[in-house]
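Written below as structure tokens is the structure these notes are about.
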Number of protein chains: 2
Amino acid sequence: METQTDLLFRALADPTRRSLFERLCREGEQTVGALTATAGVSQPAVSKHLAALKAAGLVADRHEGRQTHYSPRTAALGPLADWTKDMAQFWEGRFDALEDLLSRMDQ
Amino acid sequence: METQTDLLFRALADPTRRSLFERLCREGEQTVGALTATAGVSQPAVSKHLAALKAAGLVADRHEGRQTHYSPRTAALGPLADWTKDMAQFWEGRFDALEDLLSRMDQ
DNA sequence: AGTTTCCATAACCTTGGAGTTATAGATGAG
DNA sequence: CTCATCTATAACTCCAAGGTTATGGAAACT
């Protein structure tokens, strides 16, 4: 099964795709053409990357005439932030437990 | 060129590999054998995943006799947390999402 | 000594996915 | 209406990488 977290991590794994998302975060809403101009890959490649980002909830699209505007949805980064915090805390928790154990043994 | 951030995101993209790292964070140091027992893939596959995690700085290994113990290095998650925070902060358009994300990361 | 256990590496197979070109569909311009 | 422009999709190639089995090398057991 394909969880939402899997989708998120996989979407951010590709450098080209991550670069597109970064540009949207820095510069705000962009059309496919504008993104393609400096992406370093073809327009169909950009469209496919944007589709992957959209599937992961990382971007939203808005149609205006014949162009499509994409914008970042940073709320989708929530699970990533949660996961990172959890992993760090699990380990820090054990470290605290170790310190607690050592302090008890000192007495 | 292959940046450290690329390595980090790519290492965490694979579900099996991420699961191994999660187990190390939750349960602490483990031998390859212990990890293999419940990983759902073969021992060589586990070894290769651990090598990838090590290349990304996410784990450290310690040799003891004929077994190798792996432990998490949560410090390697720093760049990931920084990147997430940066992306959220660049996007100034949606303060609700930004505040929500930052509040989750603060804790 | 020989044998078994633990891990890493090699060799190989297979698949997912990132890239391409070509094209269809939709909209704007002349 | 006709033609150009913008984006998405189709069809295809190619390679990175995750999976396997087989094996090598080192350490522990008998």
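Proteins get letters first, then strands, A, B, ... in listed order; numbering begins at 1 in each.
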To the nearest angstrom, how far is [X] atom [atom1] from [N] atom [atom2]?
X: R17(A); N: dA18(C); atom1: CZ; atom2: P; value: 4 Å
X: Q67(A); N: dA29(C); atom1: CD; atom2: C1'; value: 14 Å
X: R62(B); N: dC7(C); atom1: CZ; atom2: C1'; value: 15 Å
X: L50(B); N: dT9(C); atom1: CG; atom2: C1'; value: 14 Å
X: K48(B); N: dA16(D); atom1: NZ; atom2: P; value: 14 Å
X: R10(B); N: dA17(D); atom1: CZ; atom2: P; value: 4 Å
X: H69(B); N: dA8(C); atom1: NE2; atom2: C1'; value: 16 Å
X: R66(A); N: dA4(D); atom1: CZ; atom2: C1'; value: 7 Å

Is any side-chain nitrogen or oxygen of [X] closer than 4.0 Å to OP1 or OP2 of [N]?
X: T16(B); N: dG19(D); answer: yes
X: T36(B); N: dC7(C); answer: no
X: H49(A); N: dG19(C); answer: yes
X: Y70(B); N: dA8(C); answer: yes
X: S42(B); N: dT20(D); answer: yes

**Request:** Please work out if H63(A) contacts a base, only the sugar-phosphate, or nothing of the nucleic acid, heavy-atom cut-off 4.0 Å.
**Result:** nothing
**Message:** Does T68(A) reach a base, just sugar-phosphate, or nothing at all? Heavy atoms under 4.0 Å.
**Reply:** sugar-phosphate
**Request:** Take E64(B) and Q43(B), find for each the nucleotide of DNA chain D with the closest heavy atom, and name the residue whose nucleotide sits nearer the 5' end.
**Result:** Q43(B)
**Request:** Please work out whether the ring planes of F9(A) and W83(A) are parallel, tilted or perpendicular, with thresholds of 30° and 60°.
**Result:** perpendicular
**Item:** Side-chain heavy-atom pair L35(A), L24(A) within 4.5 angstrom cut-off
**Value:** yes
**Asked** Taking the side chain from T84(B) and the backbone from L80(B), do they hold a donor-acceptor pair closer than 3.5 Å?
**Response** yes
**Prompt:** Among dC7(C), dT9(D), dT20(D), which is the nearest nucleotide to the side chain of S47(B)?
**Reply:** dC7(C)
**Asked** To the side chain of A45(B), which of dT20(D), dA10(D), dG18(D) is closest?
**Response** dT20(D)
**Prompt:** Should we say atom CZ of R73(B) is surrounded by more than 12 heavy atoms from elsewhere, each under 6.0 Å from it?
**Reply:** no
**Message:** Just by distance, no angles: are the side chains of T5(A) and R18(B) close enough, under 3.5 Å, to form a donor-acceptor pair?
**Reply:** no
